[in-house]
Amino acid sequence: MGEHPTYVKLSEEKLIPKSAILSLLRTYNCYHEGKNFQLRTREEDEALILEGLLNIYWGLRRPIRLQMYDDNERFRLNRNDGSGLEKQLSGESNNNAAGTDGGPASGDMCRREEEDSPQLLRTRSDASFMRVQRRSKTHTARDLQRLRTHRFSINGHFYNHKTSVFTPAYGSVTNVRVNSAMTTGQVLNLLLQKFRVENKCEEFVLYMVHESGERTRLKDGEYPLVARVLCGPCEKISKILITEADVGEEVTYDVAQYIKFEIPVLDSFVEKLKEEEEREINKLTKKYSALKNMIQHQLEDRI
């Protein structure tokens, strides 16, 4: 009995043979040799699954909202004695610093923590009026109340409530650990959960942006990691960009060819296209006028 062929899904309708994807994967991993972006493979239910880190570039034009409190934070303030909360805060601080000050850890774990650490670079306008102050080791009851009300944690990084709404620096890059069975919507959800973003997933879309200017939207049923492998490993040639759903638009390859031209050159192209259009209109008008006259003569002869 012959073996069943193994496929990788590009979308719900399109499958890619295992041999083709493995050939592309070898090139992809060779490009990232010695880095943390090499992809691993496994087979599940006769399907080849790719796993690894996926770079996503921020292309947002409007601010995003971050959660005011981390899911793991629990504040309990006793009006008479704030020592319990102070111990909890110091315990959380020690846990957050465990990756740098803690006990022995393997090199792979250190690299994984580094690659999975969130990177939300602020635009200058969002943080230009904010002052970063060193936290005191001791807190009064009032300080603890202020911390409980006005501060929150995102993966160990503390933000003031006044800066919980901001715009990530355009073109900055982050990454998420995904697999080839995760759809565009699932990847978006994972990215938003990583940074505790309150905005809904439906507010954002992913685009594959090419060096030529071509922009192709990754539909909800597509698989971004597979699309990344198909486009090649070099992010100077193509990269995945997150934008607002109502701002971005697709740019076809034909249109992208003209984007880098100067306005006067584009105007001359438009004029030539108009002239060509007029010639075609005149040609068709003469053709069908002649056919009309011929039909009318035939009708007159029969009458």
Side-chain angles (χ1 to χ4, degrees), residues 5 7-17 19-21 23-24 27-28 54 56-62 170-171 180 183-188 200-303:
Y7 295 94
V8 174
K9 280 187 176 182
L10 175 59
S11 64
E12 293 297 337
E13 299 82 17
K14 188 174 181 180
L15 299 175
I16 303 172
S19 57
I21 203 70
S23 175
L24 293 170
T27 303
Y28 189 93
L54 178 66
I56 298 178
Y57 288 77
W58 294 100
L60 304 181
R61 301 294 186 181
R62 294 194 294 265
Y170 191 93
S180 59
T183 62
T184 301
Q186 291 173 326
V187 172
L188 278 171
K200 295 181 180 179
C201 174
E202 293 76 14
E203 297 180 30
F204 307 101
V205 292
L206 294 180
Y207 282 91
M208 183 65 74
V209 180
H210 299 269
E211 184 183 23
S212 63
E214 180 184 0
R215 292 165 58 102
T216 306
R217 177 175 174 177
L218 298 178
K219 305 297 190 296
D220 293 337
E222 293 189 55
Y223 301 87
L225 186 59
V226 180
R228 171 74 273 172
V229 173
L230 290 178
C231 289
C234 182
E235 294 180 350
K236 292 182 179 179
I237 297 176
S238 61
K239 60 185 178 182
I240 294 179
L241 186 77
I242 178 174
T243 68
E244 291 87 354
D246 59 343
V247 172
E249 60 179 356
E250 290 189 302
V251 178
T252 64
Y253 176 77
D254 293 334
V255 174
Q257 296 180 68
Y258 298 99
I259 289 179
K260 296 182 180 180
F261 286 103
E262 298 292 335
I263 296 298
V265 178
L266 293 175
D267 287 336
S268 65
F269 287 160
V270 172
E271 289 298 324
K272 290 182 178 180
L273 289 173
K274 285 182 178 178
E275 292 175 2
E276 185 178 349
E277 182 183 21
E278 290 177 0
R279 286 196 298 269
E280 291 296 323
I281 291 174
N282 291 333
K283 186 188 298 184
L284 289 173
T285 302
K286 291 179 180 178
K287 175 182 176 181
Y288 287 103
S289 294
L291 289 173
K292 179 182 177 181
N293 292 333
M294 184 177 67
I295 292 172
Q296 286 179 341
H297 285 309
Q298 293 289 335
L299 292 173
E300 289 174 358
D301 293 341
R302 291 186 179 183
I303 294 173

Task: Side-chain donor or acceptor of Glu244 paired with backbone N/O of Arg61 under 3.5 Å - done: yes
Open item on the list: Check whether Ser23 reaches the backbone of Ala20 with its side chain - one donor and one acceptor, N or O, closer than 3.5 Å.
Closed with: no
Shortest non-hydrogen contact from [X] to [Y]?
{"X": "Tyr207", "Y": "Thr243", "answer": "CE1-OG1, 3.4 Å"}
{"X": "Ser180", "Y": "Leu225", "answer": "N-CD2, 3.8 Å"}
{"X": "Thr27", "Y": "Pro233", "answer": "O-CG, 4.4 Å"}
{"X": "Val187", "Y": "Pro224", "answer": "CG2-CG, 3.9 Å"}
{"X": "Thr183", "Y": "Tyr223", "answer": "CG2-CE2, 3.7 Å"}
{"X": "Val229", "Y": "Tyr28", "answer": "CA-CD1, 4.2 Å"}

May I ask you to test the [X]-[Y] pair for a side-chain heavy-atom distance under 4.5 Å?
{"X": "Ser238", "Y": "Glu211", "answer": "no"}
{"X": "Tyr57", "Y": "Ile242", "answer": "no"}
{"X": "Leu24", "Y": "Ile16", "answer": "no"}
{"X": "Ile56", "Y": "Leu206", "answer": "yes"}

Open item on the list: For Thr252, give me all partners under side chain to side chain contact (heavy atoms under 4.5 Å, CB included), at least two apart in sequence or on another chain.
Closed with: Asp254, Val255
Task: Test side chain to side chain contact (heavy atoms under 4.5 Å, CB included) applied to Arg279 - qualifying residues, sequence neighbours left out - done: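 Testing Arg279 for side chain to side chain contact (heavy atoms under 4.5 Å, CB included), a comparison that skips the adjacent residues, returns Glu275, Glu276.
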With rounding to the nearest 0.5 Å, note down the distance linking [atom1] in [X] to [atom2] in [Y].
{"X": "Tyr288", "Y": "Ile295", "atom1": "OH", "atom2": "CD1", "answer": "11.0 Å"}
{"X": "Ile237", "Y": "His210", "atom1": "CD1", "atom2": "NE2", "answer": "10.5 Å"}
{"X": "Glu202", "Y": "Leu188", "atom1": "CD", "atom2": "CG", "answer": "9.5 Å"}
{"X": "Leu218", "Y": "Thr184", "atom1": "CG", "atom2": "OG1", "answer": "5.0 Å"}
{"X": "Asn282", "Y": "Glu277", "atom1": "CG", "atom2": "CD", "answer": "10.5 Å"}
{"X": "Ile281", "Y": "Lys274", "atom1": "CD1", "atom2": "NZ", "answer": "12.0 Å"}

TODO: Return the set of residues passing side-chain hydrogen bond (donor to acceptor under 3.5 Å, both in side chains) with Asp246 (not counting sequence neighbours), or none when no residue passes.
DONE: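 Asp246 satisfies side-chain hydrogen bond (donor to acceptor under 3.5 Å, both in side chains) with Arg62 only.
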Task: Where at least one partner belongs to residues 266-285, residue pairs that pass ring pair (Phe, Tyr, Trp, His ring centres under 6.0 Å), sequence neighbours excluded - done: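 Qualifying pairs: Tyr258-Phe269, Phe261-Phe269.
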TODO: Apply the test side chain to side chain contact (heavy atoms under 4.5 Å, CB included) to residues Arg215 and Val209: give CA-CA distance (whole Å), side-chain angles for both, the deciding distance (0.1 Å), then the verdict.
DONE: CA-CA 5 Å; Arg215 292 165 58 102; Val209 180; 4.1 Å; yes
Open item on the list: Can you pull out every salt bridge (charged side-chain N to carboxylate O under 4.0 Å, His left out) where at least one residue sits in residues 216-238? Sequence neighbours excluded, please.
Closed with: Lys219-Glu250
Open item on the list: Test: salt bridge (charged side-chain N to carboxylate O under 4.0 Å, His left out). Region: residues 280-302. Which pairs qualify, not counting sequence neighbours?
Closed with: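 Those involving residues 280-302 are Glu280-Lys283.
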TODO: Return yes when atom CD of Gln296 has more than 12 non-hydrogen atoms of other residues, nucleotides or ligands closer than 6.0 Å, and no otherwise.
DONE: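 Atom CD in Gln296 is packed in, count exceeds 12.
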TODO: Could you give me the CA-CA distance, side-chain angles and deciding distance for Leu241 and Tyr170, then say whether side chain to side chain contact (heavy atoms under 4.5 Å, CB included) is met?
DONE: CA-CA 10 Å; Leu241 186 77; Tyr170 191 93; 4.1 Å; yes
